[in-house]
Amino acid sequence: MKVLIVDDERHVREAVKMLVDWPAFGIGEIVEADNGDEAIRLIGEKRPDIVITDMKMPVRDGCDLLRWIQESGHPVRRIVISGHDDFDLVRSTMKYGGQDYLLKPIDQEELAEALRKAVDELRREERDRLLSCKRSMEMNRFKPAYWDRIFSSLVSEPCAYAAASDMLKEEFGLKAGDRCQVVVMSALSAAPAVLEKYERNRDLLFFSLANVCNEFLRPDNLGFACRHWSSEDELLIFCWNRFAELQSLLVRINDGLELALGSRFDFGIGPAADFPQGAGDSYAAARAALRQRNLLERRTRYFGPGEPPKPAVAAPQATDYEERFRIALLSRSEAEIRAAVADWMRAVAGLPVITPEQLDLWRMQFQAMQSRWARELAGGGREGGTLGREPEEAASSGPYRDPAHGAAPFAFPLDAEGRLSLSLWEQELNARLAALAAAWGGERQKDNNMMREIARYIEQNYNRELTLQEIAGQFHLSREYISRRFKQEFGENLSDFLERIRIGKAKRLLRNPALRIAEVANMVGYADEKYFSKVFKKLEGQSPNRYRKG
């Protein structure tokens, strides 16, 4: 903090400096003036926090100085030290914002107390200022997210308007009954390089898109752009002024997006409707126009509800080719996989129209097939499974991740103009299925090796009590999975395999006449001699004793 001492008598200024422990108050700089004009100059130059001034001075006295400080708005604390016990001077001090009026000769404790009060007030104001600044920053930081939520909810729940009506009117001048038009922009219509760049940070992409759009919308209060929180790829633009200019406005926005992000985007345009009740219908029309655009051609980036209907053509279903894909995967043959994909692509290439809506249907079908293949890999399907995981667990890991767990295993690539590239799609589908086939084969091999490890473990530990639960814990697999896969690999149950190993060892031991039957039973893992004899007879057709005699 800084202090300015104003007094025309130097010895008074020196006395003030000597009477106070300035560092204790956090004051590190002291400046002096011998009249009011000099004080005004120093206040503008040094920006002191506290002014300690005399009242009777030449050139400009303390009253004029206090009045000037008050009128100029400088946020300084004012303490008066005067040799005159005059009511008018005290009244002027209070009138012009003085905090204390101290009489000369100066009392050290009174001066310290006045300074303490001034410093406390300054620190309290600084805390309040910082808190207010922090709150303002937090509000500014969360305000975009708040408006995203509000506008996103208005397209599905117009009743949400009531809670935000006052703020909508204050922030945007938008009120019930105004006309509003909703535009939907598809983030997935971006150039491949943009989608790849923002693949791991979709939030940043939407933040950038909304910022660019609002640079064109907000200055003239034409509307507001925000992320649609109920969709993974939609940006909403609410327009409420100058509807006749909307098409040219969207063209300017697209120019800005291309300049900022290196890509143009597709827009669906809904009709004007009453706000907020009609916002949902306008949004639905805009979304439908966008989802019905033909991705095989590029004539425009702007699609309205009045677009001519697309010809109805029966599209092939990916599920009709599932067995063809599955056999190709099982064969692990690159040629078979390419042939299966080529069959599918020939059917797709014959379509005159492919819309985003159709792509979504194919995507769901491919995802469902991949989930079924994952369950088959995990042992829940026709071919048995691997690694002893439950189907859901296997489906959410490695190359078999299920889309419900956040994966997007089958992509539909667009070119730089936003058209669906069938050749790129065929390449990606070939690569995807080849990776699945390789992983499937690798998992099967690992699975078979695991069963052989279990068999080896049994052969090494047959002579002690051995339970399926222990084996499951040793290999971190489920009991049910081990039972199923062990039988698939060796053609017999695990318990039968263990008994066969034990009885085989017992037959060798029985050749030693020095060993009693009970000892042999114990040595191969049977604590009960009678049970040992029962198992032995079941497998060998005779008792242990008769076998020994033979």
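Computation of the quantities below employed the complete heavy-atom set of this structure, encompassing side-chain atoms and omitting hydrogens, waters and symmetry-equivalent molecules.
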Are side-chain heavy atoms of [X] and [Y] found at a separation under 4.5 Å?
X    : Y    : answer
V3   : F25  : no
I30  : V16  : no
F216 : L249 : yes
L257 : L209 : yes
L122 : I50  : yes
V212 : L259 : no
Y283 : L154 : no
L102 : V80  : no

Checklist entry - Given R432 and F366, is the side chain to side chain contact (heavy atoms under 4.5 Å, CB included) satisfied, shown in steps? => result CA-CA 11 Å; R432 172 68 64 174; F366 274 116; over 6 Å; no
Output yes when a side-chain donor or acceptor of [X] lies under 3.5 Å from a complementary backbone atom of [Y], and no otherwise.
X    : Y    : result
N241 : G223 : no
S282 : A279 : no
W240 : F224 : no
S231 : H228 : no
N35  : D37  : yes
N214 : L217 : no
S152 : W229 : yes

Enter the distance from [X]:[atom1] to [Y]:[atom2] here, rounded to the nearest 0.5 Å.
X    : Y    : atom1 : atom2 : value
I52  : L4   : CD1   : CG    : 9.0 Å
L250 : E245 : CG    : CD    : 11.5 Å
F303 : Q292 : CZ    : CD    : 11.5 Å
I43  : E38  : CD1   : CD    : 10.5 Å
T53  : R60  : OG1   : CZ    : 11.5 Å
R123 : R127 : CZ    : CZ    : 8.5 Å

Checklist entry - What is the ring orientation for F238 with F151, classed by angle as parallel under 30°, tilted 30 to 60°, or perpendicular over 60°? => result tilted
Using a 6.0 Å cut-off, check whether atom [atom1] of [X] has over 12 heavy atoms from anything other than its own residue.
X    : atom1 : value
D166 : CG    : no
K104 : NZ    : yes
E196 : CD    : no

Checklist entry - Does the pair K17 and E14 meet the rule for a salt bridge (charged side-chain N to carboxylate O under 4.0 Å, His left out), with working shown? => result CA-CA 5 Å; K17 288 194 291 183; E14 293 296 330; 3.3 Å; yes
Might you point out which heavy atoms bring [X] and [Y] nearest each other, and give the distance in Å?
X    : Y    : value
P356 : L290 : CG-O, 3.7 Å
S189 : S186 : OG-O, 2.6 Å
K56  : D8   : O-OD1, 3.8 Å
P48  : V76  : O-CG1, 2.9 Å
D148 : C226 : OD1-CB, 2.8 Å
A472 : S478 : CB-C, 4.3 Å

Checklist entry - Is R363 paired with D360 through a side-chain N to carboxylate O contact shorter than 4.0 Å? => result yes
Item to check | Salt-bridge criterion met for R13 and D34 (N-O under 4.0 Å) | outcome: no
Next on the checklist: Run R77 and K117 through side chain to side chain contact (heavy atoms under 4.5 Å, CB included) and show every step you take.
Outcome noted: CA-CA 10 Å; R77 291 295 173 273; K117 285 166 45 180; over 6 Å; no
Next on the checklist: Tell me whether R227 forms a cation-pi arrangement with F206, defined as NZ or CZ under 6.0 Å from the six-membered ring centre and within 45 degrees of its axis.
Outcome noted: yes
Item to check | Residues which pass salt bridge (Lys or Arg N to Asp or Glu O under 4.0 Å) with E157, listed by chain and number, not counting sequence neighbours | outcome: none
Below 3.5 Å, can you tabulate the donor-acceptor pairs from side chains in residues 264-277 to any protein atom, sequence neighbours excluded?
| from | atom 1 | to | atom 2 | distance (Å) |
| --- | --- | --- | --- | --- |
| R264 | NH1 | D255 | OD1 | 2.9 |
| R264 | NH1 | E258 | OE1 | 2.9 |
| R264 | NH2 | D255 | OD1 | 3.1 |
| D266 | OD1 | R298 | NH1 | 3.3 |
| D266 | OD1 | R298 | NH2 | 3.2 |
| D266 | OD1 | R301 | NH1 | 3.0 |
| D266 | OD2 | R293 | NE | 2.7 |
| D266 | OD2 | R293 | NH2 | 3.3 |
| D266 | OD2 | R298 | NH2 | 3.0 |
| D274 | OD1 | R179 | NH1 | 3.1 |

Next on the checklist: What verdict does the side chain to side chain contact (heavy atoms under 4.5 Å, CB included) test give for I106 and I81, after you've listed the backbone C-alpha separation in whole Å, the side-chain angles of each residue and the deciding distance to 0.1 Å?
Outcome noted: CA-CA 8 Å; I106 304 169; I81 297 177; 3.8 Å; yes
Checklist entry - Can you list the steps and then say if R116 with D120 is a salt bridge (charged side-chain N to carboxylate O under 4.0 Å, His left out)? => result CA-CA 6 Å; R116 184 192 62 77; D120 285 349; 2.8 Å; yes
Item to check | Under the side-chain contact (heavy atoms from CB on, under 4.5 Å) test, residues paired with Q108 that sit two or more places apart | outcome: L19
Checklist entry - Cut-off 3.5 Å, side chains only: do E171 and Y146 have a donor facing an acceptor? => result no
Checklist entry - How far apart are the C-alpha atoms of K2 and V31, what are their side-chain angles, what is the distance that settles it, and do they pass the side chain to side chain contact (heavy atoms under 4.5 Å, CB included) test? => result CA-CA 8 Å; K2 300 178 185 177; V31 291; 6.0 Å; no
